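Treat the numbers as computed from the prediction; the structure is a model and nothing was measured. All residue numbers refer to positions in the sequence shown, counting from 1.
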Amino acid sequence: MHHHHHCSPPHSNAMNPSNHTSASSPSAAAGSSFYRRLHFVEHVQILELLLALFVFIAIHAIRQGKRHGLAVWPVLGMAPSLVAGLRGNMYEYISGVVCRQNGTFWFRGPWLTSLNCVVTADPRNLEHLLKTRFSNFPKGPYFRDTVRDLLGDGIFNADDDTWQRQRKTASIEFHSAKFRRLTTESLLELVHARLLPVLEESLRASAAVDLQDVLLRLTFDNVCMIAFGVDPGCLRPGLPEIPFARAFEDATEATVLRFVTPTCVWKLMRFLGIGPERTLRKSIEGVDEFANEVIRTRKKELAADDGCQRSDILTVFARLRDEEGRPFSDKFLRDICVNFILAGRDTSSVALSWFFWLLHNNPDVEERIVAELCKVVSERGGASDGEELVFKPEEIKKMDYLQAAITEALRLYPSVPVDHKEVIEDDVFPDGTVLKKGTKVLYVIYAMGRMEAIWGKDCREFRPERWLRDDGRFASESAYKFTAFNGGPRLCLGKDFAYYQMKFAAASILYRYRVRVAEGHPVAPKLALTMYMRHGLKVNLLRRDEAERRKCLAKYYG
């Protein structure tokens with residue numbers, strides 16, 4: 001109980017001012033001043049009582065914090081601590097709490113709000129949640145209602161049958177040879193005809209370029225080709241503003257705001273058509289306009305059916321029939337495409353941005369990647385011209401160290417840092433946490449990369465070697481320790497595609513350029529559905545010449 005002992009000195013000091021005041025004030029006009037004094041003393045004593053009460057409550061709240069991870073205030077719950085976190089790096093803040101609490105804590109929101117939830121980063125709990133009792137933990141109505149305006153009934157926020165059906169179709173499609181060809185060819189075209197020329201332009205003008213922005217444009221064009229079979233053309237010299245891309249970004253941004261706004265507030269704003277809700281409605285109109293236009297043209301093509309050879313997701317779903325033998329509605333097709341764009345756009349580009357930033361801070365890793373690229377090239381039969389070197393799919397497959405380095409970046413900076421589920425019926429986590437029906441569960445993927453219990457003492461270090469076996473081959477970890485691609489039945493469908501895309505882009509850039517983050521550029525994550533860099537990633541490019549490549553090769557494979 002020594003806590004109270006600490007607080008007694010302030011109390012005794014606090015008493016003194018009032019004593020002095022009453023003693024030292026001159027008693028000239030006895031009558032009126034006496035009453036004034038009495039009044040004043042009463043005020044001081046009430047203030048003192050309030051202060052003492054506040055100190056007592058604060059101590060209680062903070063001692064609760066020792067047990068529960070965050071200070072628990074009456075009425076406000078843990079909200080005040082959350083505000084403290086929002087000012088800095090929220091993800092780091094939550095990770096700190098989760099680690100101190102051995103992987104799980106209850107977040108208690110203000111009274112009468114729906115902000116109560118279990119926050120966890122314990123691999124045992126994750127396996128329970130994502131696999132063992134998968135059906136007991138859907139995304140849930142709270143998540144669905146919040147994102148439905150943008151995502152409709154797409155795979156990202158659907159549960160049960162809707163989800164199952166889309167998942168199955170997409171899964172079959174993703175593994176078809178035709179689809180593989182579409183993805184590799186569209187990516188090659190984009191990287192060589194657009195990405196490299198844009199980077200080359202910035203190098204010639206020796207101007208800094210926002211690499212995150214450039215990569216977002218790359219993945220957006222790429223994912224639109226795959227989802228819609230259409231190229232919006234974001235990644236062009238001069239980096240033009242594309243209305244559809246703009247609308248899509250604004251819509252995502254406004255949807256995220258809902259998660260930090262009390263439900264009744266945003267629903268009222270939506271009803272009145274004001275604030276962010278107005279932006280959301282406008283931008284969703286922009287998204288729909290684009291989507292519906294594409295769907296109309298595609299359906300015409302399919303009706304004419306001149307052996308339409310397309311293999312994009314839209315074409316595949318447009319050819320399908322539901323249980324009653326009817327084609328899917330345009331709205332449903334739109335939902336599917338918008339979901340795939342959301343899933344495929346931010347994730348790879350944001351991961352690559354963190355990857356390049358980590359390389360900037362770990363030059364030895366960069367050298368080793370370059371050495372691997374050179375080794376792969378040297379194994380080709382015949383000479384290859386350095387300038388227009390194009391990596392082949394089977395060469396990308398051989399790049400184990402590059403895969404390890406990208407995976408290590410995802411361990412520290414997972415593109416989706418936090419995800420969310422709801423409990424259908426009472427349950428208990430393997431670590432003993434009791435879950436009541438309707439509880440929300442947040443699992444913090446970001447925190448997992450920072451837990452010594454999972455990754456050892458060096459968990460905060462960027463060390464690609466931890467992903468390599470003795471023979472130098474890449475070896476992956478359990479999806480419940482490394483959850484960047486989720487796990488269980490909802491494991492990321494585009495995982496292989498994402499790795500191919502990230503490896504191909506990274507290899508093509510690193511073979512030609514050294515990427516240096518601009519002096520003094522601030523790097524911090526933004527609070528969004530994905531782990532954006534808040535200020536982008538301003539970089540300067542330097543040409544990498546043959547001599548330097550040879551030096552790297554000699555150093556590691558000499």
Shortest non-hydrogen separation from [X] to [Y] and the atoms involved:
| X | Y | answer |
| --- | --- | --- |
| Asn157 | Arg148 | ND2-CA, 4.2 Å |
| Arg549 | Tyr511 | NH1-O, 2.7 Å |
| Ile396 | Lys503 | O-NZ, 3.0 Å |
| Val444 | Ile94 | CG2-CG2, 3.9 Å |
| Asp153 | Ala158 | O-CB, 3.9 Å |

Practice task
Identify the residue among Leu130, Leu129, Asn136 that makes a side-chain contact (heavy atoms from CB on, under 4.5 Å) with Arg133.
Solution key: Asn136
Check whether NZ of the Lys or CZ of the Arg [X] lies under 6.0 Å from the centre of the six-membered ring of [Y] and within 45 degrees of that ring's axis.
| X | Y | result |
| --- | --- | --- |
| Lys131 | Tyr480 | no |
| Lys139 | Phe156 | yes |
| Lys495 | Phe485 | yes |

Exercise for the section: Determine which pairs satisfy salt bridge (charged side-chain N to carboxylate O under 4.0 Å, His left out) with at least one residue from residues 403-414, sequence neighbours left out, and list them in order. Expected result: Glu408-Arg411, Glu408-Arg466
Handout entry: Partners meeting side chain to side chain donor-acceptor pair (under 3.5 Å) with Lys538 (sequence neighbours left out)
Key = none
Handout entry: Salt-bridge present (Glu324, Arg326; N to O < 4.0 Å)
Key = yes
Practice task
Mind running ring-ring contact (aromatic ring centres under 6.0 Å, His included) on His420 and Tyr142 for me, showing each step along the way?
Solution key: CA-CA 10 Å; His420 168 280; Tyr142 168 77; 5.5 Å; yes
Problem - Test item: Leu196 and Tyr513 side chains (from C-beta on) under 4.5 Å apart, heavy atoms - result: yes
